[in-house]
Amino acid sequence: MKRYFGEYGGQFVPETLMRALSELEEAFLNFKKNMDAKKELEYYQKNYAGRQTPLYYAKNLSSRIGCRVYLKREDLLHTGAHKLNNTLGQILLAKFMGKKRIIAETGAGQHGVATATAAALLGMECVVYMGKKDMERQSPNVERMKLLGAEVVSVEKGSMTLKSAINETLRDWVKNVQTTHYLLGSAVGPHPFPVIVKYFQEVIGKEARKQILKAESRLPDSVVACVGGGSNAIGIFSGFVKDSVDMIGVEAGGESLELGKHSATLTMGRPGILHGALSYLLQDEYGQVADVHSISAGLDYPGVGPEHSYLKDIGRVRYDACFDNEALEAFRLLSRLEGIIPALESSHAVGYVIKHSELFKDKLVLINLSGRGDKDLGIIASLEEKNV
Ligand SMILES: *Cc1c(COP(=O)(O)O)cnc(C)c1O
C-alpha cells in the first residue's frame, strides 16, 4: 500500500508503534476485501447514519450570487457532520480486528462525540483524551460524550489543548496496543491513517458525483470544501479527481495571514513533520509548530493531511483562505436565504464562493456542507454581544 503521496506522508513514529501500524494496515486491506464487513458498513451508513445525504440545489443563494450552487448535505448526517463516516468505519474496522477498546483525542469535542457515538452503537469501551482547557471551553461536548458512555480523560500536561491530548492518546496506544484501536479523527497522522480515513469519507464524493450527474446531466465546474485536517475535502474531491473538474480547498484565514492569527496551512505553511507524517505545516522561523487561530474549532489545526500537500504541489487542487469575517457573513447569509445554519467550518467554503462569485459566474459549483451550525451558536452569540 502507498505510504507516501509524492514526498509527503510516511511513518515518523517511535519504533514501538511500527508494529501496530503494520497490523492496522494489513487488517484494513482484509477489511476492504471482506464482503460481510462491507455489508455491515453499508447497513449502518444507511439505517443508522442516514446515508445517502441529499444534494440540494441552493436556488436562493444561487440567484443572489450569480452562479449555480449545489450543497452536499453532510450536515444532515447523524450527529450533524461528516465525522461520523470515519468513526463508524473505523469502529467497524476495530471490531473486525478483534479490538475491544477505542481511544481518541479531541480538541473541540466534535471528533470525541462522533467516536463515542459509534462506540456506543457497537458496544466498545471508549476513552477520549481532551485537554483540560478544551474541556472547560467545550463542556456541552464533554457532557455528550459522558452520556454516550465514554470516559473523558482530562489532560493536564503541556498546552492542555489538542496537542497534549494527542500525546496522551499515543502514550495509551503504545501501552495497550493489543486490545486498543486508536481512532484518528482526520486524514492526517502516520500511514495508514490518511488512507483509512479517506476510504471512509470517499462515500461523500461517490454519492455527490452520481447525484449531480442525475440532477444536471453533467459534472460540476468546481468542487469546493473546507480544509482542517482535510478529511471532508479529500472525501468529496475523491469523486472528481480524475475528471476535469476544478477543485478548491478552503482553509481558515482567521483574523489575518500573519503567523499565529490563522490556520491556513497549505496557503502559508512549508513542509515539516507533525503527528507522524511529513506534510505542510505552520511553523515559526525556528521550525517550531506555530500557534493557530480560527473562529471554527474544526479548522484550528497547524497541520494538514499529506495527500493535500501532494495535490497542492502537483497543482490538481487549489488551496486558498477565507477569513473569519467572511465565514461569518456566509454563515448568516446561508441561514437567511436557505434556512440552513451551516457549521462555521463549512461556512468557510461557502464564504469563499460568495467572495469570488465573479470567478464562478454562471458556473455549476458543488460545495461540501460538512456540518450543521447548531454547535456554533454560543460563538455567534458572543460575537453579536461584541457587535462583530
Ligand atoms: C471537524 C470538522 C471539519 C474539519 O475537519 P476535516 O478533517 O478537514 O474535514 C470541517 N467541518 C466540520 C463540520 C467539522 O466538524
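Ligands are counted one by one from 1 in listed order, and the atoms in each one are counted from 1 as well. Every heavy atom of this structure was used, including side-chain atoms; hydrogens, water molecules and symmetry mates were not. Note that the coordinates shown come from a computational prediction; the quantities given were computed from them, not determined experimentally.
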Could you say whether the N/O atoms of [X] and ligand 1 ever approach to under 3.5 Å?
X: N232; answer: yes
X: K375; answer: no
X: G229; answer: yes
X: V227; answer: no

Out of all atoms in ligand 1, which are within 4.0 Å of some heavy atom of [X]? Include the element for each.
X: K83; answer: 1 (C), 2 (C), 3 (C), 14 (C), 15 (O)
X: C226; answer: 10 (C)
X: S231; answer: 6 (P), 7 (O), 8 (O), 9 (O)
X: G228; answer: 8 (O)
X: S186; answer: 6 (P), 7 (O)
X: A343; answer: 13 (C)
X: G230; answer: 6 (P), 7 (O), 8 (O)
X: G371; answer: 13 (C)

Run the salt-bridge test on [X] and [Y] with the 4.0 Å N-O cut-off and return the result as yes or no.
X: E258; Y: K261; answer: yes
X: R316; Y: D313; answer: no
X: E358; Y: K361; answer: no
X: E156; Y: K132; answer: no
X: E338; Y: K59; answer: no
X: D134; Y: R137; answer: yes
X: D362; Y: R68; answer: no

Exercise. Between R101, K100, K99, which is the residue that forms a salt bridge (Lys or Arg N to Asp or Glu O under 4.0 Å) with E125?
Worked result: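 Between E125 and the candidates, salt bridge (Lys or Arg N to Asp or Glu O under 4.0 Å) is satisfied uniquely by R101.
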Exercise. Between Y8 and Y280, is the gap from one ring center to the other below 6.0 Å?
Worked result: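 Judged by ring-centre distance (under 6.0 Å), Y8 and Y280 do meet the cut-off.
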Exercise. How far is atom 11 (N) of ligand 1 from its nearest protein heavy atom, and which residue and atom name does that atom have?
Worked result: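 Of the protein heavy atoms, S370 OG, 2.7 Å lies nearest.
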For this session: Specify the protein heavy atom at minimum distance from atom 4 (C) of ligand 1: its residue, its atom name, and the distance to 0.1 Å.
Result: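 For this ligand atom, the closest protein heavy atom is G298 O, 3.3 Å.
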Exercise. Do any heavy atoms of R372 fall under 4.0 Å from ligand 1?
Worked result: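 In this structure, R372 fails to qualify as a contact of ligand 1 - no heavy atom is under 4.0 Å.
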Problem set entry | Verdict with reasoning, Y352 to H356, per ring pair (Phe, Tyr, Trp, His ring centres under 6.0 Å) | CA-CA 6 Å; Y352 183 85; H356 296 283; 4.3 Å; yes
Exercise. With a 4.0 Å heavy-atom cut-off (strictly under), which part of H82 contacts ligand 1: side chain, backbone, both or neither?
Worked result: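 It is the side chain that touches ligand 1; the backbone stays farther off.
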